> 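I am attaching a structure below and will ask some questions about it afterwards.
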2 protein chains.
Amino acid sequence: MTMNAAGGRRRPPTIHDVAREAGVSRGTVSRVLNGGHYVSPAAQEAVNAAIRKTGYVVNRHARSLITGRSDSIGFLLTEPQERFFEDPNFNVLLRGCTQALAAHDIPLLLMLAGTEDERRRITRYITAGHVDGVLLVSSHSGDPVAEQLREAGVPLVACGKPIGLASKVSYVAADDRDGARDMVRHLLSLGRRRVGTVTGPLDTPGGVERLAGYKEVLAEAGLEFDERLVVSGDYSRASGEAGAEHLLARAPDVDAVFVASDLMAQGVLTALHRAGRRVPEDVAVGGFDDSPAAVAAGPELTTIRQPWDRISSEMVRVLLALIGGEDPAAVILPTELVKREST
Amino acid sequence: MTMNAAGGRRRPPTIHDVAREAGVSRGTVSRVLNGGHYVSPAAQEAVNAAIRKTGYVVNRHARSLITGRSDSIGFLLTEPQERFFEDPNFNVLLRGCTQALAAHDIPLLLMLAGTEDERRRITRYITAGHVDGVLLVSSHSGDPVAEQLREAGVPLVACGKPIGLASKVSYVAADDRDGARDMVRHLLSLGRRRVGTVTGPLDTPGGVERLAGYKEVLAEAGLEFDERLVVSGDYSRASGEAGAEHLLARAPDVDAVFVASDLMAQGVLTALHRAGRRVPEDVAVGGFDDSPAAVAAGPELTTIRQPWDRISSEMVRVLLALIGGEDPAAVILPTELVKREST
DNA sequence: TTCTCTACTGTGAACGCTCACAGAAGCATG
DNA sequence: CATGCTTCTGTGAGCGTTCACAGTAGAGAA
């Protein structure tokens with residue numbers, strides 16, 4: 001649009017050009033750029049017109065150099081596996097965060113720290129002040145990166161309650177336990193009495209909480225806890241399949257399964273199908289997440305919807321507050337039972 | 001806000017601190033940082049030691065301010081839909097690019113430009129020089145953002161051959177046409193003669209090329225082209241399902257389907273199952289992509305593997321070359337037939 | 001009048017780095 | 001001895017911005 005007719009590549013306009021154009025000083029332009037306090041309406045208007053005319057865009061590098069802020073946020077994934085990329089929830093979360101930040105005109109830097117080596121480099125990068133804060137997605141406990149960032153005083157918001165960390169780290173999570181309770185109550189309401197579960201990894205908050213909810217409801221229904229009905233998975237499809245086989249072998253009379261993720265539930269469906277069990281007639285299956293995988297499955301999964309859109313927007317809100325100097329906060333968001341064909 | 005354990009607020013070390021520590025000047029430190037030309041071995045070593053000792057990390061903002069480079073790359077998604085996030089290929093691509101860039105210590109900025117409004121803001125952001133180059137993922141033709149960036153002279157590499165654009169834009173793509181040929185030949189080799197296809201969107205290069213490959217092989221096999229065997233989809237699961245129903249209605253004798261994406265193929269399987277057709281006995285189904293969806297499907301899909309890892313690393317390589325002043329390049333990578341249960 | 005207060009504006013000095021340039025040292029050549 | 005060349009090193013300037021501070025003008029109070 002602003003190509004010079006002369007053909008030369010034109011140097012982008014600076015605050016100086018705008019000042020000259022508006023007939024004011026650099027300082028006044030800067031004040032307009034940063035909220036417009038102590039600026040007369042006339043100057044305000046002149047500067048805005050000059051900005052439009054010159055096509056001026058602030059040079060973030062120059063600004064960052066002096067403010068010490070970088071005006072960007074890191075999205076950090078410290079999973080050793082690529083599981084998160086396989087996980088549809090991850091997409092939704094990433095997209096939600098990007099959009100929430102875009103509303104503040106803040107770019108998001110995607111950082112993958114799978115290996116030990118990468119983790120070191122990225123920690124170094126972050127602590128050097130190249131991002132103002134970090135959105136952390138790391139399900140496992142005892143994450144060294146998280147601990148290091150916390151110690152370095154980098155504003156940090158985790159997705160899901162971090163287990164291993166000392167207190168005072170902000171996080172946003174769905175109410176896993178309550179979601180699990182809802183699902184198991186739902187299964188019991190269908191008349192099922194031999195309700196098994198395939199848990200998530202038990203070094204993750206989600207895994208622990210969902211199992212806790214399961215146990216609570218069985219107890220409140222007066223059903224005896226039967227450890228043969230509990231097998232553990234790692235949120236992957238394959239582990240769901242293996243888990244269901246295990247379950248069928250140990251408790252053939254199982255008539256319902258609460259699976260701690262939709263992806264695992266897909267695996268469970270496969271295994272049940274192979275074993276000749278009909279879903280939901282013989283065995284009702286409930287998932288967790290309401291990810292695209294839930295609808296992709298056949299039959300479509302009854303599941304617990306996690307409010308990913310709200311989780312991501314809350315993560316961004318809390319992080320920006322933290323950067324603004326507010327105290328750490330924990331946000332727990334409600335889940336919702338979504339009934340489909342599998343129960 | 002990095003608080004020191006000692007209690008003092010420590011300013012991060014600058015190039016000046018390193019210079020003092022090493023007993024040399026700023027200039028020498030800078031030269032070491034930028035390749036070490038014209039630096040004596042003794043100075044080189046002293047500077048490296050000082051860097052290690054002080055924990056110095058270069059301030060990219062200061063560097064960018066003077067060099068005009070930003071040392072970061074944008075990953076731009078201009079899809080209006082969230083389809084890409086649903087698409088497992090996207091994950092692999094994003095991860096691959098992030099990692100390839102990480103090897104060069106270049107952070108990746110994720111940019112989503114779904115709406116018209118966002119597109120304007122992001123174009124502005126990019127053309128203001130906040131990234132050195134852009135990896136563009138936009139399947140549709142006539143993308144205004146791409147055209148604007150091209151005109152503004154921003155180094156740009158597209159994923160897949162852009163249709164609408166004027167020439168001279170770099171891209172990396174799998175050999176869609178050849179992949180389609182392989183799959184259709186495979187279906188014919190199984191003795192199938194009524195081979196249908198569910199195409200991708202025909203305003204995308206993938207959609208067009210895969211259909212072209214299909215037609216070519218039918219022609220070379222001496223089979224007459226039957227337009228009842230061709231229905232179009234949009235790469236979504238739902239469109240695959242609808243497409244298969246359409247196909248069954250128009251050509252009930254269909255004995256094989258080449259589906260232009262795995263996700264659509266999942267939908268095709270669902271529709272075939274509902275219609276009581278066995279796969280692969282009654283109808284063989286071939287997908288495209290070899291995405292996780294291919295293995296998630298039941299039966300597991302025979303498909304065409306796209307070399308996503310190489311696509312992403314090539315995109316990064318070409319973009320860095322472009323930034324380095326080299327000429328635009330097009331890279332076409334070979335595909336591979338992966339046989340599974342559905343054929 | 002004179003003083004104070006408020007609202008606004010301009011100016012130099014940073015921020016941490018790279019770049020151009022000047023110079024020094026070492027060595028060979030005229 | 002001067003001269004040139006190469007390799008290395010230090011210095012000043014400046015990138016585009018914000019920030020602190022010093023003003024200025026105008027209004028109201030003493």
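Here is the naming used below: chain letters follow the sequence lines, and residue numbers restart at 1 for every chain. Below, each value reflects all heavy atoms present in this structure, side chains not excepted, and no hydrogens, waters or symmetry copies. Quantities reported herein were computed from a predicted structural model and do not represent experimental measurements.
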> Roughly how far, to the nearest 0.5 Å, is CZ of B/Arg120 from CD of B/Gln148?
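Going from the CD atom of B/Gln148 to the CZ atom of B/Arg120 covers 9.5 Å.
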
> Which of these, B/Val137, B/Leu109, B/Val131, sits in a side-chain contact (heavy atoms from CB on, under 4.5 Å) with B/Phe75?
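Of the listed options, the one satisfying the test is B/Val137.
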
> Mind calculating the distance between NE2 (A/His61) and C1' (D/dG14) to the nearest angstrom?
17 Å

> What bend angle does the helix from C/dT1-D/dA30 to C/dG30-D/dC1 show across its length, from five-pair end axes and to the nearest 10 degrees?
70°

> Please identify each residue that fulfils ring pair (Phe, Tyr, Trp, His ring centres under 6.0 Å) with A/Tyr125, with sequence neighbours left out.
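Testing A/Tyr125 for ring pair (Phe, Tyr, Trp, His ring centres under 6.0 Å), a comparison that skips the adjacent residues, returns A/His130.
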
> Hey, can you pull the donor-acceptor pairs under 3.5 Å for the side chains in residues 37-47 of chain A, sequence neighbours left out?
unit_1	atom_1	unit_2	atom_2	d
A/Ser40	OG	A/Ala43	N	3.2

> Taking the side chain from B/Thr28 and the backbone from B/Val24, do they hold a donor-acceptor pair closer than 3.5 Å?
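No, the answer is negative, given that no donor and acceptor are paired below the 3.5 Å cut-off.
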
> Mind listing the N/O atom pairs, protein and nucleotides 17-19 of chain C, below 3.5 Å?
unit_1	atom_1	unit_2	atom_2	d
C/dC17	OP1	B/Tyr56	OH	2.3
C/dC17	OP1	B/Asn59	N	3.4
C/dC17	OP2	B/Ile15	N	2.4
C/dT18	OP1	B/Asn34	ND2	3.3
C/dT18	OP1	B/Arg63	NE	2.8
C/dT18	OP1	B/Arg63	NH2	3.1
C/dT18	OP2	B/Ser30	OG	2.9
C/dT18	O4	B/Arg26	NH2	2.9

> Round to the nearest Å and state the distance from B/His130 atom NE2 to D/dG16 atom P.
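So the two atoms are 12 Å apart, to the nearest Å.
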
> Could you tell me the separation between the CG atom of A/Asp17 and the P atom of D/dC15, rounded to a whole number of Å?
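Between P of D/dC15 and CG of A/Asp17: 11 Å.
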
> Measuring from the side chain of A/Leu65 (C-beta onward, heavy atoms only), which nucleotide among D/dG16, C/dC8, D/dG10 has the closest atom?
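Shortest atom-to-atom distance from the side chain points to D/dG16.
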
> Table please: side-chain donor-acceptor pairs of residues 312-326 of chain A below 3.5 Å, with sequence neighbours left out.
unit_1	atom_1	unit_2	atom_2	d
A/Ser312	OG	A/Trp308	O	3.0
A/Ser312	OG	A/Asp309	O	2.9
A/Ser313	OG	A/Asp309	O	3.3
A/Ser313	OG	A/Arg310	O	3.1
A/Glu314	OE1	A/Arg317	NE	3.4
A/Glu314	OE1	A/Arg317	NH2	2.9
A/Glu314	OE2	A/Arg317	NE	3.2

> Let me know the distance between OH of B/Tyr38 and P of D/dC5, rounded to the nearest Å.
14 Å

> Keeping to residues at least two apart or across chains, list the side chain to side chain donor-acceptor pair (under 3.5 Å) pairs with something in residues 61-76 of chain B.
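Sorted pair list: B/Ser70-B/Ser72, B/Ser70-B/Asp132.
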
> Please tell me which of the listed nucleotides, D/dG16, D/dT11, C/dG10, lies nearest to the side chain of A/Arg11?
D/dG16

> What distance separates A/Ile15 CD1 from A/Ser25 OG, expressed to the nearest 0.5 Å?
9.0 Å

